[in-house]
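All values below were derived from every heavy atom in this structure, side-chain atoms included, with hydrogens, water molecules and symmetry-related copies excluded. In what follows, residues are counted from 1 in the order of the sequence shown.
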Amino acid sequence: MSTQSTPGIDDAGTTDHPSRSDGFVRGISGLIGGPLGDHATALDRPAGGERRFWTAVRIVLALACLTLALHWVQKSPCQDGAWQNNVQYTRFCYTDVLALYYAEGLNEGKVPYRDHPVEYPVLTGYFMGALGLPVHALGDGDPSINQGQWFYNLNALVLGALAVATVAVILALRRRRPWDAALFALAPALLLTATVNWDLLAIGLAAFGLLAWARRRPAVAGVLLGLAGAAKLWPLFLLGPILVLALRAERVRAALIAIGTAIAAVVLVNLPAARAYPENWDRFFELNTTRPIDWGTLWYIGRYLDGKVGDPSRLGPFEWLNVNISTLNTISYALFALACLGVAVLALRAPRRPRLAQLAFLVVAAFLIFSKVWSQQFVLWLLPLVVLARPKWGAFLAWQIAEVCYFVAFYGELLGAATSRPVFPEGVFVLASTLRLTTVVVLCVLVVREILDPERDAVRANYPDDPDGGVLDGAPDAPWLDRWRRPATTSEPQPEPATT
């Protein structure tokens with residue numbers, strides 16, 4: 001199919017326009033006069049011999065900056081640290097960044113891991129210390145400085161820069177589809193949770209890791225994904241899809257290089273703290289091993305149902321798991337492993353090799369679905385992956401609406417716990433949790449459908465194969481794959497008899 005005949009691509013055959021190619025956006029565009037016309041598409045090409053200033057790339061980057069600025073305003077009621085009358089919950093502005101400046105002893109000049117155990121992987125702990133200790137040193141000599149506010153704003157600046165850099169990476173990976181990055185830039189989840197924790201550190205590093213893989217630099221990709229995994233563990237899950245796709249394309253050497261350098265990066269970053277302060281370093285793993293069922297998870301929904309059905313005098317199955325945490329851990333990990341196995345089988349059995357982003361999204365989504373912890377800001381993990389995997393606005397907005405509903409219900413739950421006066425009935429929070437879980441599952445189903453039917457894949461309308469694939473992009477399937485997928489026959493087909 002020629003690019004000229006593909007809906008949504010301009011005359012040069014390079015740029016997608018959602019108002020033409022995306023059914024949801026095309027329908028909504030009717031409210032303002034219909035799909036983008038030829039004059040408006042001049043945003044994407046030179047006008048009068050010179051390119052216009054407000055290109056699609058610059059507009060998307062500006063939108064990202066606007067979203068982050070609004071996020072800063074939304075968090076501003078909490079920046080002074082004087083959280084009186086539960087203002088952090090009534091204004092929806094709670095952030096771990098400010099709370100943990102004091103809880104982790106940074107305000108006293110304590111060095112992470114050396115002087116205080118840290119509940120996060122080491123690179124996040126190093127990051128906290130790298131920003132927090134200079135703020136303490138400055139504030140220690142000038143009591144007029146509000147150290148917590150300085151620390152939060154410094155983190156907001158750096159994390160915001162990483163968010164904008166992530167948008168830039170998406171733009172670099174989707175040069176023919178720049179408006180896809182607007183999904184990330186305008187996401188309500190980014191507006192509400194950008195600096196709730198340090199997740200954007202791992203997201204930014206992982207995004208650059210995917211860019212390095214797409215640029216056919218597996219060693220650099222491995223180092224960046226390893227550093228991302230040393231900040232939050234989930235980026236290491238992306239190495240699985242890379243390996244499975246490399247097996248299908250017989251590009252295993254590149255995958256092993258990426259995996260090897262990722263492991264080396266994780267070990268080198270962890271080694272100093274693990275050797276010098278093993279007990280403080282182990283706090284992250286200890287906490288995750290002993291932690292019970294957390295709010296908003298699949299398991300939490302099950303606990304609520306336990307109380308609605310069955311004999312109230314006996315523990316229901318989910319409540320029993322909450323008491324027997326080691327069994328809960330085993331079941332949670334087993335379900336995630338089975339999901340990963342299913343994704344691997346899908347990758348090998350699909351009629352066409354799936355794109356890396358599709359498998360990466362499925363794996364990380366499966367981890368969240370079956371995890372016993374699903375904090376409010378974990379939604380950020382999925383944002384860049386879903387943009388790269390399935391850049392369609394309809395289901396994406398439904399998911400984001402569910403996330404906003406969960407955000408409001410979650411703060412109601414926090415306020416009720418703080419005041420011992422429920423803001424909403426428990427069923428409201430469970431319903432919001434169920435909507436969030438359901439929309440993520442729906443996104444997974446839609447991605448699987450597009451893997452099984454590549455003609456539905458919006459990205460393949462603009463790219464011949466996988467723009468994120470690196471050495472996999474355009475590579476043929478391994479010969480053994482056809483033999484493995486071919487059904488067995490009892491006898492070889494016989495040639496037709498000769499006619500006389």
Side-chain angles (χ1 to χ4, degrees), residues 67-68 71-72 74-79 81 83 88-89 91-107 112-113 116-132 135 148-166 184 187-207 227-237 283-285 287-288 291 294-297 364 367-368 371-385 403-404 406-407 410-411 413-414 436:
T67 298
L68 292 164
H71 169 79
W72 183 87
Q74 194 268 321
K75 295 298 181 189
S76 60
C78 286
Q79 287 183 25
W83 294 354
Q88 71 272 32
Y89 305 141
R91 300 289 187 89
F92 306 97
C93 61
Y94 172 83
T95 167
D96 286 334
V97 173
L98 189 54
L100 293 182
Y101 179 71
Y102 300 99
E104 299 288 350
L106 294 169
N107 64 312
Y113 304 106
H116 194 277
V118 180
E119 61 183 89
Y120 299 114
V122 290
L123 195 61
T124 297
Y126 296 162
F127 184 81
M128 293 163 61
L131 297 185
V135 169
Q149 187 170 15
W150 275 60
F151 179 68
Y152 171 77
N153 284 318
L154 184 57
N155 275 273
L157 183 63
V158 177
L159 294 174
L162 286 168
V164 174
T166 301
F184 186 98
L190 181 65
L191 171 64
L192 296 174
T193 66
T195 61
V196 167
N197 202 281
W198 290 274
D199 295 76
L200 282 171
L201 172 62
I203 290 167
L205 289 169
L227 291 175
K232 298 280 183 177
L233 287 183
W234 68 266
L236 297 178
F237 301 153
R283 174 59 178 160
F284 166 74
F285 301 98
L287 182 64
N288 281 276
R291 197 168 182 172
D294 203 11
W295 288 358
T297 61
V364 177
F367 176 76
L368 291 177
S371 176
K372 64 179 181 178
V373 179
W374 193 342
S375 298
Q376 56 170 320
Q377 76 278 2
F378 288 2
V379 59
L380 295 173
W381 302 359
L382 294 177
L383 266 183
L385 297 178
E403 289 287 353
V404 172
Y406 178 80
F407 180 85
F410 177 73
Y411 273 88
E413 196 80 352
L414 287 172
R436 178 180 66 163

Check: [Y] main-chain N/O paired with [X] side-chain donor or acceptor under 3.5 Å:
X: Thr95; Y: Thr195; answer: yes
X: Lys75; Y: Val196; answer: no
X: Arg436; Y: Gly296; answer: yes
X: Thr297; Y: Val373; answer: no

Enter the distance from [X]:[atom1] to [Y]:[atom2] here, rounded to the nearest 0.5 Å.
X: Phe284; Y: Leu233; atom1: CZ; atom2: CG; result: 4.0 Å
X: Leu380; Y: Leu159; atom1: CG; atom2: CG; result: 10.0 Å
X: Tyr94; Y: Trp83; atom1: OH; atom2: CH2; result: 5.5 Å
X: Leu383; Y: Leu200; atom1: CG; atom2: CG; result: 9.0 Å
X: Arg91; Y: Tyr411; atom1: CZ; atom2: OH; result: 13.5 Å
X: Thr193; Y: Phe92; atom1: OG1; atom2: CZ; result: 14.5 Å

*Please say which of Ile203, Leu205, Asn197 ends up in a side chain to side chain contact (heavy atoms under 4.5 Å, CB included) with Leu201.*
Leu205
*Do Phe127 and Val158 come within less than 4.5 Å of each other through their side chains, counting heavy atoms only?*
yes
*Would you say Met128 and Thr124 make side-chain contact, with heavy atoms under 4.5 Å?*
yes
*Given the rule in the side chain to side chain contact (heavy atoms under 4.5 Å, CB included) test, do Trp295 and Leu414 qualify, once you have shown the distances and angles that lead to the verdict?*
CA-CA 10 Å; Trp295 288 358; Leu414 287 172; 3.5 Å; yes
Looking at every heavy atom in both [X] and [Y], which two are closest together, and how far apart are they?
X: Ala207; Y: Thr166; result: CB-CG2, 4.0 Å
X: Gly229; Y: Leu236; result: CA-CG, 3.8 Å
X: Asp294; Y: Ser375; result: OD2-OG, 4.5 Å
X: Leu227; Y: Leu123; result: O-CD2, 3.1 Å
X: Pro112; Y: Val118; result: CB-CG2, 3.8 Å

*In sequence, state the C-alpha distance, the side-chain angles, and the governing distance for Asp96 and Tyr120, and then conclude on side chain to side chain contact (heavy atoms under 4.5 Å, CB included).*
CA-CA 12 Å; Asp96 286 334; Tyr120 299 114; 3.8 Å; yes
*Residues forming a ring-ring contact (aromatic ring centres under 6.0 Å, His included) with Trp150, sequence neighbours excluded*: none
Using a 3.5 Å cut-off and no angle test, enumerate the donor-acceptor pairs between side-chain atoms of residues 97-107 and protein atoms at least two apart in sequence or in another chain.
| from | atom 1 | to | atom 2 | distance (Å) |
| --- | --- | --- | --- | --- |
| Tyr101 | OH | Gln147 | OE1 | 2.6 |
| Tyr102 | OH | Gly148 | N | 3.4 |
| Glu104 | OE1 | His116 | ND1 | 3.0 |

*asked:* Evaluate Arg283 against Leu287 for side chain to side chain contact (heavy atoms under 4.5 Å, CB included), listing each step before the verdict.
replied: CA-CA 6 Å; Arg283 174 59 178 160; Leu287 182 64; 3.9 Å; yes
*Ring centroid separation Trp381 to Phe378 under 6.0 Å*: yes
_Any donor-acceptor pair under 3.5 Å linking the side-chain atoms of Trp72 with those of Asn153?_
yes
